[in-house]
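Every chain is numbered from 1, with letters handed out A, B, ... down the list of sequences. Fair warning: this is a prediction, and the values are worked out from it, not measured in the lab.
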Amino acid sequence: MIHRLKGIGQDVLSDPVFAACAAVAIGAALLMVTRRNPVYAALWLMQCFLAVAVVFLKLHAPFLAAIHVLVYTGAILVLFLFVIMLLSLQPHELGAEHSRAARALGALVCAGFLAVLGAAALHGTRGAAPLEPLRDVAVESGSKTLVITAEQWGGVEHVGAELFSRFVVPFEVVSILILVAILGAVVLAKRKL
Amino acid sequence: MTKYLLLSAALFVIGAYGVLGRRNLLIVLMSIELMLNGVNVALVAFSRAHQNLEGQVFVLTVIGVAAAEAGVGLALLIALFRNRRTVDSGDLTMLKG
């Protein structure tokens with residue numbers, strides 16, 4: 001267990017981009033959950049999302065990294081900031097927080113959960129072994145077959161070909177879900193309940 | 001591979017602490033986004049390790065669900081604040097007998 005952890009530590013340190021992104025993401029996430037003012041929390045969350053987008057680039061998911069920045073930081077966080085400013089909370093309207101003991105208990109439960117997840121990750125994978133290089137894949141898209149090379153892996157062409165052939169049903173289901181959510185949001189926010 | 005899973009676990013757990021340990025509903029909603037984000041990192045890492053794009057397509061679906069959840073959640077929050085002038089989950093005791 002300990003020597004596995006040491007191997008992971010060396011693996012992280014040998015990859016400075018990942019080390020920096022992971023440190024920024026975890027640090028920003030910790031600052032986000034501890035801020036009292038929601039505006040600062042939203043800005044730290046944005047920092048965390050940008051670091052995660054760089055991790056996506058390292059995992060050969062350039063299209064997802066772009067979509068992540070567009071949707072999370074561009075749409076969701078702007079929506080959060082917009083609502084925070086719409087509510088324009090006064091300091092006394094922020095509400096009370098849990099007592100120190102309750103927060104410590106919550107942190108303890110979370111630390112235990114992290115230990116379980118971490119142990120599962122350490123035992124269930126091959127540890128610090130590098131990922132296999134990407135192989136060329138053939139994607140059936142309609143009547144023609146695309147050959148995706150390692151450089152194109154996870155790019156617009158690859159994701160698009162898969163999304164509009166094999167995964168077209170989930171794609172349409174998500175569009176219906178978003179349509180219902182738009183209607184629900186308009187009804188909830190507009191009417192005096 | 002393991003380092004990506006550990007990052008994913010750390011982000012998820014920090015989000016879980018935000019849901020458990022905070023009472024400001026805005027922060028709770030942001031923490032839920034953070035938890036979804038941690039799961040996304042694990043899905044993309046497995047997608048890369050198994051050289052299978054299904055993980056990435058699933059992340060696209062999760063991003064869509066997260067956007068819908070944020071929209072509805074914030075609309076609920078606005079409706080709540082209009083009626084009760086509070087964003088504190090501890091003040092929401094209307095269902096208590």
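The part of A/L86 that comes within reach of chain B is its side chain, from C-beta onward, which places non-hydrogen atoms under 4.5 angstrom from that chain. Looking at A/F18, only its side chain comes within 4.5 Å of chain B, counting heavy atoms on both sides. Both the backbone and the side chain of A/F80 come within contact range of chain B, with heavy atoms under 4.5 Å apart. Heavy atoms closer than 4.5 Å to chain A are found in the side chain of B/L11, but not in its backbone. Contacts of A/V159 with chain B are made by both backbone and side-chain atoms, with heavy-atom separations under 4.5 Å. Heavy atoms closer than 4.5 Å to chain A are found in the side chain of B/V57, but not in its backbone. With a threshold of 4.5 angstrom between heavy atoms, B/A42 does not approach chain A through any atom at all. Using a 4.5 Å cut-off between heavy atoms, B/E69 makes no contact with chain A at all. For B/V65, the parts sitting under 4.5 Å from any heavy atom of chain A are the backbone and the side chain alike. Of the two parts of A/I148, neither the backbone nor the side chain holds a non-hydrogen atom closer than 4.5 Å to a non-hydrogen atom of chain B. Residue contact with chain B, scored on non-hydrogen atoms closer than 4.5 Å, involves the backbone and the side chain of A/R135 alike. Looking at B/F58, neither its backbone nor its side chain comes within 4.5 Å of chain A, counting heavy atoms on both sides. A/Y72 touches chain B through its side chain: at least one heavy atom from C-beta onward sits under 4.5 Å away, while N, CA, C and O do not. Within the 4.5 angstrom heavy-atom criterion, atoms from both the backbone and the side chain of A/E132 approach chain B. Neither the backbone nor the side chain of B/L25 comes within contact range of chain A; no heavy atoms are under 4.5 Å apart.
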query: Given B/E33 and A/L77, is the side-chain contact (heavy atoms from CB on, under 4.5 Å) satisfied, shown in steps?
result: CA-CA 10 Å; B/E33 299 293 335; A/L77 273 174; over 6 Å; no

query: Yes or no on side-chain contact (heavy atoms from CB on, under 4.5 Å) for A/L89 and B/L26, after CA distance, side-chain angles and deciding distance?
result: CA-CA 11 Å; A/L89 295 171; B/L26 280 161; 4.0 Å; yes

- request: Starting from the C-alpha separation in whole Å, work towards a yes-or-no answer on side-chain contact (heavy atoms from CB on, under 4.5 Å) for B/N40 and A/F56.
  value: CA-CA 9 Å; B/N40 284 351; A/F56 283 0; 3.9 Å; yes

message: For B/S47 and A/W153: C-alpha separation, side-chain torsions, deciding distance, then whether side-chain contact (heavy atoms from CB on, under 4.5 Å) applies.
response: CA-CA 11 Å; B/S47 168; A/W153 215 84; 3.9 Å; yes

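Applying a 4.5 Å heavy-atom cutoff, the residues of residues 20-30 of chain A that approach chain B are A/A22, A/A25, A/I26, A/A29, A/L30. Of all residues spanning residues 58-68 of chain A, those with a heavy atom less than 4.5 Å away from chain B's heavy atoms are A/K58, A/L59, A/H60, A/A61, A/F63, A/L64, A/I67, A/H68, arranged by number. Using a 4.5 Å heavy-atom cut-off against chain B, the contacting residues of residues 40-53 of chain A are A/A41, A/A42, A/L45, A/C48, A/F49, A/V52.
Judged purely by atom type and a 3.5 angstrom limit, B/R22 has no side-chain atom pairing as donor or acceptor with the backbone of A/E97.
Residue A/V169 shares its hydrophobic cluster (ILVMFWY side chains chained together at separations under 4.5 Å) with A/V168, A/V173.
In plain terms, the two heavy atoms of B/Y17 and A/G106 that are nearest each other are CD1-C, 4.0 Å. Heavy atoms only, all atoms of each residue included: B/A16 and A/C110 are closest at C-SG, 3.9 Å. Of all heavy-atom pairs spanning A/L188 and B/A75, the tightest one is CB-CB, 3.9 Å.
Most heavy-atom pairs under 4.5 Å with chain A, from the set B/L60, B/I27, B/L5, B/L6: that is B/L60. Comparing B/N24, B/L74, B/T61 by heavy-atom pairs within less than 4.5 Å of chain A, the highest count is held by B/L74. Among B/V59, B/L53, B/L76, the residue with the largest count of heavy-atom pairs under 4.5 Å with chain A is B/L53. Interface check for chain A: of the options B/L7, B/V28, B/L34, B/N37, the most heavy-atom pairs under 4.5 Å are formed by B/N37.
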